[in-house]
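What's counted below: heavy atoms across the whole structure, side chains too, no hydrogens, waters or symmetry copies. None of these values were measured; they are calculated from a predicted model.
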Amino acid sequence: MSQDRLRLNVPQTEAVRHVHGPLLVLAGAGSGKTRVITSKIIHLINDHQVDPRHICAVTFTNKAAKEMKSRVSQVLEGRKYRGLTVSTFHRLGLGILRRELEHHGYGANFSVIDPGDSLALVRSLLRERNGQAEMAEAIQARISRFKNDGLLPEEIIPGDQLSEEARGIYSDYQRALKACNAVDLDDLIFLPVQIFQNDTAAAERWQERLRHILVDEYQDSNGAQYRFLHNLLQKRQNLTAVGDDDQSIYSWRGAAANNIHRLTTDFPDLRVIKLEQNYRSTGRILRAANAVIAQNVHLFEKRLWSDMGEGHAIPVWRCGDETDEAEQIASAILRDRFQRNGEYRDYAILYRSNHQSRPLESALRAARIPYQLTGGISFFDRSEIKDLLAYFRLLQNPDDDPAFLRAVNTPRRGIGSSTLERLGQFARQQGISLFAAIFEDGTGIQDRPRDALMDFAQWINLKGDEIRKSEMIPALRSVPEEIDYWNHLQAEGEEREARRRWENLQELLDWMERLTRQDEGPADLSQLLQQLMLYNMLEREEDEDRDVVRLSTLHAAKGLEFPNVFLVGAEEELIPHRNSETPEQIEEERRLFYVGLTRARYHLTLTFCSRRRRYGEHIAPEPSRFLQEIPGDLLDWKGEQESPEMDQKDAFARLRAILDSQANPEG
């Protein structure tokens, strides 16, 4: 028996030893669900001699998948887990498409387009249809919802006007993607489901390959992902679904809270095991969380408990306004860190909506407290990164129209919008890609822009051949210089900004090279780009090592934990959010509040304001109803009148002076 399994409690052990048939593990916050999944993988391989190739563990982030595989590798020798699949849903779907999509009308070198290119395609289709594209974002989101619900265009039941508009664009959108030999992120789940339903041989191949499926964060799955799993489980029902219905907070992006309920009807032999012992938080924090979430309707009741002691009472601060709230928090962090000789990374400030971060950032900067804000601009959203990746996508798939449109005139080549419009009209008439249209007669494009297009296309062909026939990474590294991208950056802004953006390109290229050197790394440019598409650069490991206070929305904080948590803005219309009106929406807001409470290990502070500025006016918000659901003996209410009269800026200055004098004793 492995050391990892020796640390399992009784319910965890039962879950690990349940090998055959469907199992739902209701894992409360901080109850060791990842340990259960990794221990079960080890148990299947060591004690039941299951070939690792037949085991698939699925989660929702690259970071979680990497951690899970690392834990398994620490216990098993390399040869014993070779072939094991640990991935996100989307990466698993991509692996299936790589094997199957070529047999369903796509080329082997298909592209995966990002949401930005998807939106641009929807916008283009709308302009062609009625000359207007104001509803592009809403229609893109609705098409995404159709796919997450597993619906083909012809299966959509007429509904509101937006659904009607989206249904009309949906078919054109899918045809345009196929013409570009491209898929979007939703297709990575949607298309495998379609393949399984229409290709019995393909379905049986994957059912035979993936005999044991373990799913982490099951409550975050959507309708398409449920059908994806259901198809894989038709031959064997060896499913271990680990999740927490009390942490289902993503309905706005398609997660189906009723997927846990669906298991009970689709799998009559389903066994349910509850993990209720929490290894993260103190007793008072858990009692507060239990009291809040008990107000929701449950199919399965569970109650978290801990042997970590009762812990401290939970302070509830009534602050004057958002500025006072932020300054009190900054002062408390400085004071507590000084008293404990702690680190800034021990503190997190959580809030419902992004706009709440502004006064918090101002106060932290004034107190010279380093912080990191989640949800900032993604590495992949930077224009220079999108430009270079457009070139790389076009080099591996010249039919990728979105990539073509971004690359063809960046840097400028004298190819204007009217030229591209003519090229586009001709390509649509002929049913070919924009790139292919360059080599055809009859486009009606004048000589100078036609020559520029031809020079660009010939370079793409030559460079593509070089990448395929020589060492890939050195060939890719030369692209920015060959397209004269440095001068393009200098022309767009000042020297320092141009250099920073150039360094971002080098970081991307360095990262791509590291990916190719990994075990089972991408074999060619197509696989490398597909892998990049599924990475979230916000999950880079170095960010976790920074000694900074974390500012995060409640949604983004799920899965994290901190010794000290400030949950700010516990007010009606903030949480629950003012747009939450139905009982179902209020229940999800309550789950979100519960997630915030259970991020705290030792110290939890709740705040609300007597006044808050909203839409340019001061209002007097009511304390959140969720505060009233916490038993009074767990809380320590502190009103404005109990706050020190000293101006917070003076407090910052005095505390900062003490800290600075200790850091620089000779100063």
Side-chain angles (χ1 to χ4, degrees), residues 7-16 18 23-40 59-61 64 67-68 214-221 240-250 255 257-261 263-264 270-311 314 348 350 554-555 557-563 565 567 587-602 604 626 629-631 634:
R7 295 195 297 269
L8 298 177
N9 61 33
V10 173
Q12 289 173 336
T13 301
E14 291 177 2
V16 167
H18 181 97
L23 171 68
L24 170 62
V25 181
L26 280 175
S31 62
K33 59 184 177 57
T34 303
R35 182 186 301 173
V36 167
I37 293 177
T38 54
S39 296
K40 188 158 189 175
T59 187
F60 281 81
T61 67
E67 178 187 353
M68 197 177 292
L214 304 92
V215 184
D216 192 14
E217 302 288 3
Y218 177 77
Q219 78 282 345
D220 293 339
S221 61
T240 300
V242 182
D244 183 3
D245 50 349
D246 291 332
Q247 296 188 71
S248 180
I249 58 173
Y250 295 123
N258 69 336
N259 276 356
I260 286 180
H261 295 199
L263 287 177
T264 63
L270 180 73
R271 184 179 177 191
V272 179
I273 295 175
K274 302 176 186 178
L275 304 185
E276 297 173 294
Q277 182 175 0
N278 175 284
Y279 294 93
R280 174 188 301 157
S281 305
T282 61
R284 277 193 175 89
I285 293 172
L286 294 180
R287 283 165 56 201
N290 285 334
V292 170
I293 206 63
Q295 308 301 314
N296 279 2
V297 177
H298 290 84
L299 178 64
F300 302 103
E301 296 291 340
K302 68 177 185 301
R303 191 169 184 83
L304 295 179
W305 62 275
S306 169
D307 60 7
M308 295 175 61
E310 274 295 277
I314 300 170
L350 310 182
L554 289 165
H555 283 103
K558 185 171 163 295
L560 304 178
E561 60 181 68
F562 305 91
V565 167
L567 201 169
E587 287 205 344
E588 178 150 340
E589 291 290 299
R590 185 176 284 110
R591 292 194 293 268
L592 189 57
F593 190 74
Y594 169 86
V595 165
L597 298 178
T598 55
R599 298 313 92 197
R601 297 179 64 192
Y602 308 119
L604 170 67
F626 303 148
E629 294 169 358
I630 301 175
L634 301 177

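For Ser306 (side chain) and Ser281 (main-chain N/O), a donor-acceptor pair under 3.5 Å exists by modelled atom type. Put simply, the side chain of Arg284 never gets that close to the backbone of Leu634: no donor and acceptor are under 3.5 Å apart. With Tyr218 contributing its side chain and Asn259 its backbone, the two residues share a donor-acceptor pair below 3.5 Å. Here the side chain of Lys33 pairs no donor or acceptor atom with the backbone of Leu26 at under 3.5 angstrom.
A cation-pi arrangement is found for Arg35 relative to Tyr279, the charged atom lying closer than 6.0 Å to the ring centre and inside a 45° cone about the ring normal.
In this structure, the separation between CG on Leu24 and CZ on Phe300 is 6.0 Å, given to the nearest 0.5 Å. With values rounded to the nearest 0.5 angstrom, Gln12 atom CD is found 11.5 Å from Ile37 atom CD1. Between the OG1 atom in Thr264 and the NE2 atom in His261 there is a gap of 7.5 Å [rounded to 0.5 Å]. Here OG1 of Thr240 is found 11.5 Å from CG of Asp216. Values are rounded to the nearest 0.5 Å. Rounding to the nearest 0.5 Å gives a distance of 11.0 Å between CG of Asn296 and CD of Glu589. Taking CE of Met68 as the reference point, atom OG1 of Thr61 lies at 8.5 Å (rounded to 0.5 Å).
Arg601 is linked by a salt bridge (charged side-chain N to carboxylate O under 4.0 Å, His left out) to Glu561, counting only residues two or more places apart in sequence or in another chain. Every residue two or more places apart in sequence or in another chain that forms a salt bridge (charged side-chain N to carboxylate O under 4.0 Å, His left out) with Lys302 is listed here: Asp244, Asp245, Asp246. With sequence neighbours excluded, the residues that form a side-chain hydrogen bond (donor to acceptor under 3.5 Å, both in side chains) with Lys558 are Glu217, Asp220. A search for ring pair (Phe, Tyr, Trp, His ring centres under 6.0 Å) contacts involving Tyr594 returns nothing, not counting sequence neighbours. With sequence neighbours left out, the ring pair (Phe, Tyr, Trp, His ring centres under 6.0 Å) criterion links Phe562 to no other residue. Taking the salt bridge (charged side-chain N to carboxylate O under 4.0 Å, His left out) definition, one finds that Arg303 meets it with nothing, sequence neighbours left out.
Looking at heavy atoms from C-beta onward, Leu23 lies out of side-chain contact with Leu270 at the 4.5 angstrom threshold. Within the 4.5 Å cutoff, side-chain heavy atoms of Phe593 are placed close to those of Val292. The shortest distance between side-chain heavy atoms of Ile260 and Gln219 falls below 4.5 Å. Annotation: side chain of Val242 is not in contact with side chain of Leu214 (no heavy-atom distance under 4.5 Å). Counting heavy atoms from C-beta on, the side chains of His298 and Ile293 come closer than 4.5 Å.
Of the N and O atoms on the side chains of Ser31 and Asn278, not one donor lies less than 3.5 Å from an acceptor on the other residue.
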Tyr602 and Met308: CA distance, side-chain angles, deciding distance, side chain to side chain contact (heavy atoms under 4.5 Å, CB included) verdict: CA-CA 9 Å; Tyr602 308 119; Met308 295 175 61; 3.7 Å; yes
Audit row: Lys274, Glu301, salt bridge (charged side-chain N to carboxylate O under 4.0 Å, His left out) steps and yes/no: CA-CA 9 Å; Lys274 302 176 186 178; Glu301 296 291 340; over 6 Å; no
Test side chain to side chain contact (heavy atoms under 4.5 Å, CB included) applied to Arg599 and Leu350, step by step: CA-CA 9 Å; Arg599 298 313 92 197; Leu350 310 182; 3.8 Å; yes
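In terms of heavy-atom proximity, Ala288 sits nearest to Ile630 at CB-CG2, 3.7 Å. Counting all heavy atoms, side chain and backbone alike, Gly596 lies closest to Leu554 at CA-CD2, 3.6 Å. Listed here is the closest heavy atom pair of Arg280 and Ala29: NH1-CB, 4.0 Å. Residue Leu8 comes nearest to Ser39 through the heavy atom pair CD2-OG, 3.9 Å, listed as atom of the first residue, atom of the second, then distance. Shortest non-hydrogen contact noted between Gly28 and Gln247 is C-NE2, 4.3 Å. Across every non-hydrogen atom of Lys40 and Ala15, the tightest pair is NZ-O, 3.2 Å.
Taking a cutoff of 4.0 Å between a charged side-chain nitrogen and a carboxylate oxygen, Arg590 and Glu587 do not qualify as a salt bridge.
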